[in-house]
Amino acid sequence: MSPRARDDTDTTPSVQGDREMQQGIMELMWRSSHVSGGNAHYVEALYEQYLDDSESVPDEWRSYFDQLPRPEGSATHDVPLSPIRDQFYQLGRENRPRVAAAAESGENKKQVKVLQLINAYRFRGHQKANIDPLGLRNPTPVPDLDLSFHQLSKADLDSEFQTGSFFLGIDKAPLRVIVDALERTYCRSIGCEIMHIVDTEEKRWLQRRFESVRSAPEFSDGVRKHVLERLTAAEGLENYLASKYPGTKRFGLEGGEAFVPMMDELIQRAGGYGTKEVVIGMAHRGRLNLLVNILGKNPTDLIDEFDGKKVIERGSGDVKYHQGFSSNVMSPGGEVHLAMSFNPSHLEIVAPVVEGSVRARQDRRNDEEGSKVLPINVHGDAAFAGQGVVMETFQMSQTRAYKTGGTVHIVINNQVGFTTSHPLDARSTEYCTDIAKMVQAPIFHVNGDDADAVLHATQVALDYRQEFKKDVVIDLVCYRRRGHNEADEPSGTQPMMYSKIKDHPSSRSLYAKRLVDQGVLSEEDAKAMIETYRDDLVAGNHVANALVQEPNTSLFVDWTPYLGHEWTGNADTTFDMKRLQQLAAKMCEVPDGIDVQRQVAKIYEDRRKMQAGGMGLNWGFAETLAYATLLDQGHPIRITGQDVGRGTFSHRHAVVHNQKDGSTYVPLQNMSDGQPRFTIHDSILSEEAVLAFEYGYSTTAPSGLVVWEAQFGDFFNGAQVVVDQFISSGETKWGRLCGLTMLLPHGYEGQGPEHSSARLERFLQMCAEHNMQVCVPTTPAQIYHLLRRQVIRPLRKPLVIMSPKSLLRHKEAVSSLEDLAHGKFHMVLSDQSDLAAEKVTRAILCAGKVYYDLAAWRAENERHDTAILRLEQLYPFPKEELLEALQAYTQLEDIVWCQEEPLNQGAWYSSQHHMRTVADMLKDGLGRELKFAGRPASAAPAAGYMSVHTEQQRQLVEDAFNL
Ligand code: AMP
């Protein structure tokens, strides 16, 4: 525990009181049987443990230790002459407590107890709080909140005690006043979980925010009328849709209407802080309400969707509760752009997508702190507790590659998991939000029927995020009046809950009654709000507050240059030779004073030789030169993934580590003054959240190159949902373009089932409508032009690259600077040997590194009748290019597809029809059989034994020639 982490404010009343209090505690410890005498060592060990991790010791011990003052400037008590350690040793030696006379005083003991009581409320008050609007939550017994637990009694209620750091505005108060204030602060409509936060400053800040107003600030009448109006809007929309489309699925917000004023407040308050963009990841429940009442979607458009009218020109479209939306609203700080992400039914996966989109916007604005763009992620309770991607997203939240200055997480907690699940079945944790404690996020559980409390929790949450730039969670405890969706009958599985809900007044009516009772407005005014809202809906008027009709478009990225392009493989990826040489030289410079590790120094030395033309140019150099040239042309680049700084197979070394002090130097960040951003980060060990993040980033940042590299290719299957639901289908479902590049190491090198295949077949099976590009480059020049093509064309399509392993160092896999300066990406590489075309009777088609095995076998066996053609792009399938390459062979008798992958994998099943079509297109019209050479069908992608692998590889190569 760092000195900064120590919280000595929780209970310590005054400096001069410390010693007395400590003595009082020691005495109490002594009197409890297990502390006495010989157990002093046990106590000390426990105390050591507490210092390491205060949560790891039993509650009552933590409460004791929390009281102990610690020596100034020392993080642990393992310091000579530490008074506490001294105490422990005295306990052990003397077999009796070394307590001063003062500790015998009953008053002092009680004072300590009162401070413990205060602390207990801070720790556990939320368990007693009234956060469930239905009152169904089985309250956990919290003995720590009883006076008797602390050896206090009613007789003490009128005695005065110091209040320590508990914010009462006075130092001393009767116990009765203290308890009342504690009850009101911690046990009403907000259950506040903040004591797991280690940082003293943060914890104190949060305590002040709640304690100073007893968790219920006085809002002005104007503010409260506005809240009522927003609640009315939330309820009004659902009522309207329910009456117009009874039984139609819409995942209504009824029961959680307070979500709408909450979002309204978040956006307006963020705007007041100078936030320019808010990106929202939204659950199904309440989505339509948010779209119409907050983002300002025209109700008429929504009605059209309910009527089943087609709203997008191209593509499949998607159901209405997956739709995203963008608009601008006015706030006290000016116009704010709102973007709600499109998302699939896979509930939590949108959270990292939102984070990626936010980071892209922050990078565009050079907003390093994250104060200009705010992420809000809205979750369902069961999904928040159940889905692992939530943990991954929290884990990313403070890392260099992924931080976004803190996210406001809102859980719309309707207390039923997915369709029917009871909380006892949905999780093992007490709250659905417990996962957020891993990043020490404050968590506010708030009763959705108390709109004032919701407003307060919302304000504190946003202020905390702005102040500390960290994640915060609001758990909006509510219910769903109409079950999982409107087509469902909830009482079949939740009879008790639904019999309660049947008679439970709506949040709006409860709040309206409260305001009327308090004289804030008349009953007629409250009713008039309902009518005004309904009239606007019926008239098709916008019903969001402060919607800007003519949005300031500079607030968001202009996508028009990238829209409306048909797919093409052509792009001018050439680059001025002189400039290329300059960039190559610059990229090899490492400033004096950086002590480069021996093997890395050799790589840089070789690159200098390649730059000077004295050595064939290898993969790593060509790839990094692609980045250098793109940067030079003004395109920012972002690369993440496990080990990307170095490259899994040590070919990249884009980040140089100084052996003297561990500092790093990135040549590509130091190419020229004012160059675009080059970001390269080793990711956290995640595929799912990381790939989703990069998808979000690349769908928001069209001008640059965004690359995700898998450590081994098949690890992408930990992120399969991102490939299925976003990368392959996002454009056709939602019209959202994405230029993300995935580098997936692939190749059969005898490394076993899990390190050989990037499951090429999975991608090819998903390919249609030119949705993405799947390429298998085999030379340095090819990867260079492929990466450049991805950015130089205005087209934005996902690019999946089966990237090599052994080819990174293969002596044949080299190119020249000329190939880079003047070439292009060849979707088909025709045979480059000196075969006489008229003697060729067989063409082997292949992709990837097997080409080099085939070429070696041919040379060794002097087979002059067989041409080897490489398909460097498998989708979109390059029919014309392949046809052109095959036309050269007038005596062609057959065509063989050769792959390293087993028959049931690789490109065979997904691409053979393309190859057959081309074979049938050959001018002579003879039609040729297409043969297969590869590994036999197999459940595993590759053999686990090198000997089996080698034999299979030999056989498939031989088959390609001799079948
Ligand atoms: P946003 O800032 O995400 O709300 O985007 C603003 C506008 O840019 C959207 O309304 C779309 O018209 C357009 N846009 C945003 N992202 C994309 C994308 N990935 N592909 C195509 N158009 C986009």
Side-chain angles (χ1 to χ4, degrees), residues 267 270-271 275-282 287 290-291 294-298 301 311-318 322-329 335-344 350-365 367 372-377 404 544 547-567 636 638 692-706 722 725-741 769-772 790-791 793-799:
I267 291 162
T275 298
K276 295 291 165 220
E277 295 179 80
V278 177
V279 188
I280 305 162
M282 182 60 198
R287 192 178 186 95
L290 188 69
L291 277 168
I294 298 291
L295 283 106
K297 180 168 179 156
N298 194 308
D301 293 341
V311 285
I312 64 164
E313 292 298 311
R314 289 155 63 126
S316 65
D318 203 348
H322 290 170
Q323 301 291 342
F325 196 75
S326 306
S327 63
N328 287 14
V329 295
E335 209 168 319
V336 179
H337 176 65
L338 308 179
M340 186 166 99
S341 286
F342 292 82
N343 61 272
V350 79
V353 173
V354 163
E355 301 298 333
S357 176
V358 167
R359 178 68 179 252
R361 291 166 208 259
Q362 289 172 344
D363 285 354
R364 181 171 86 97
R365 295 172 174 278
D367 175 19
K372 297 269 179 280
V373 189
L374 169 71
I376 302 177
N377 269 315
T404 52
L547 184 71
V548 176
Q549 298 292 351
E550 298 285 330
N552 173 2
T553 53
S554 71
L555 286 175
F556 50 86
V557 173
D558 178 13
W559 276 82
T560 45
Y562 308 95
L563 301 176
H565 302 284
E566 290 302 324
W567 190 85
R638 173 181 168 89
F693 187 102
E694 301 308 334
Y695 171 81
Y697 195 102
S698 57
T699 46
T700 313
S703 71
L705 178 69
V706 183
V722 185
Q725 261 66 26
F726 291 94
I727 294 174
S728 65
S729 57
E731 183 182 346
T732 189
K733 289 191 292 191
W734 312 317
R736 282 299 190 261
L737 305 176
C738 166
L740 180 65
T741 297
E769 303 180 276
H770 290 171
N771 60 340
M772 53 185 174
Q790 181 69 352
V791 182
R793 286 175 309 181
L795 191 81
R796 291 293 172 262
K797 291 274 179 197
L799 168 62

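Ligands are counted one by one from 1 in listed order, and the atoms in each one are counted from 1 as well.
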Colleague: Measure across Gln323 and Asp318 and return the closest heavy-atom pair with its distance rounded to 0.1 Å.
Modeller: NE2-O, 2.8 Å
Colleague: What atoms of ligand 1 come closer than 4.0 angstrom to any heavy atom of Thr699?
Modeller: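 Taking each heavy atom of Thr699 in turn, ligand 1 has 16 (N), 17 (C), 18 (C), 19 (N) under 4.0 Å.
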Colleague: Report the nearest protein non-hydrogen atom to atom 19 (N) of ligand 1: residue, atom name, distance rounded to 0.1 Å.
Modeller: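 Of every protein heavy atom, Leu737 O, 2.8 Å lies nearest to atom 19 (N) of ligand 1.
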Colleague: For Trp559 and Arg736: C-alpha separation, side-chain torsions, deciding distance, then whether side-chain contact (heavy atoms from CB on, under 4.5 Å) applies.
Modeller: CA-CA 10 Å; Trp559 276 82; Arg736 282 299 190 261; over 6 Å; no
Colleague: Give a yes/no on ligand 1: does Glu731 have at least one heavy atom closer than 4.0 angstrom to it?
Modeller: no
Colleague: To check your reading of the model: name the closest protein heavy atom to atom 12 (O) of ligand 1, its residue, and the distance in Å.
Modeller: Arg736 NH1, 4.6 Å
Colleague: Could you pull out the closest heavy-atom pair between Pro702 and Arg796, with the gap in Å?
Modeller: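 Looking at all heavy atoms of both residues, the closest pair is O-NE, 2.6 Å.
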Colleague: Less than 4.0 Å is my threshold; does some heavy atom of Arg361 fall inside it relative to ligand 1?
Modeller: yes
Colleague: To which of Trp559, Phe325, Phe556, Tyr562 does the heavy atom nearest atom 21 (C) of ligand 1 belong?
Modeller: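 Among Trp559, Phe325, Phe556, Tyr562, the closest heavy atom to atom 21 (C) of ligand 1 comes from Trp559.
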Colleague: Look only at interatomic distance and state if Leu563 has a nitrogen or oxygen under 3.5 Å from any nitrogen or oxygen of ligand 1.
Modeller: no
Colleague: For ligand 1, which atoms, with element, lie under 4.0 Å from some heavy atom of His337?
Modeller: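 Ligand 1 atoms under the 4.0 Å threshold to His337: 1 (P), 2 (O), 4 (O).
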Colleague: If we only count heavy atoms from C-beta on, is the Tyr697 to Asp363 side-chain gap below 4.5 Å?
Modeller: yes
Colleague: Which heavy atom of Val791 sits nearest a heavy atom of Ser703, and at what distance?
Modeller: CG1-O, 3.8 Å
Colleague: Please could you name the atoms of ligand 1 that Gly735 approaches to less than 4.0 Å, counting only its heavy atoms?
Modeller: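 Those qualifying, in numeric order: 20 (N), 21 (C).
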Colleague: Hydrogens and angles aside, do Ser341 and Asn343 bring a side-chain donor and acceptor to less than 3.5 Å of each other?
Modeller: no
Colleague: For ligand 1, which atoms sit closer than 4.0 Å to a heavy atom of Ala339?
Modeller: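 Listed by number with element: 1 (P), 3 (O), 4 (O).
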Colleague: Could you tell me which non-hydrogen atom of Val706 sits nearest to which non-hydrogen atom of Glu694, and how far apart they are?
Modeller: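 The pair with the smallest heavy-atom distance is CG1-OE1, 3.6 Å.
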Colleague: When you measure from the heavy atoms of Ser357 to every atom of ligand 1, does any distance fall below 4.0 Å?
Modeller: no
Colleague: Are any of the N/O atoms on Ser326, whether in the backbone or the side chain, positioned under 3.5 angstrom from an N/O atom of ligand 1?
Modeller: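 Indeed, backbone or side chain, Ser326 has an N or O that close.
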Colleague: Can you confirm whether Val336 sits close enough to Val278 that some side-chain heavy atom of one is under 4.5 Å from a side-chain heavy atom of the other?
Modeller: yes
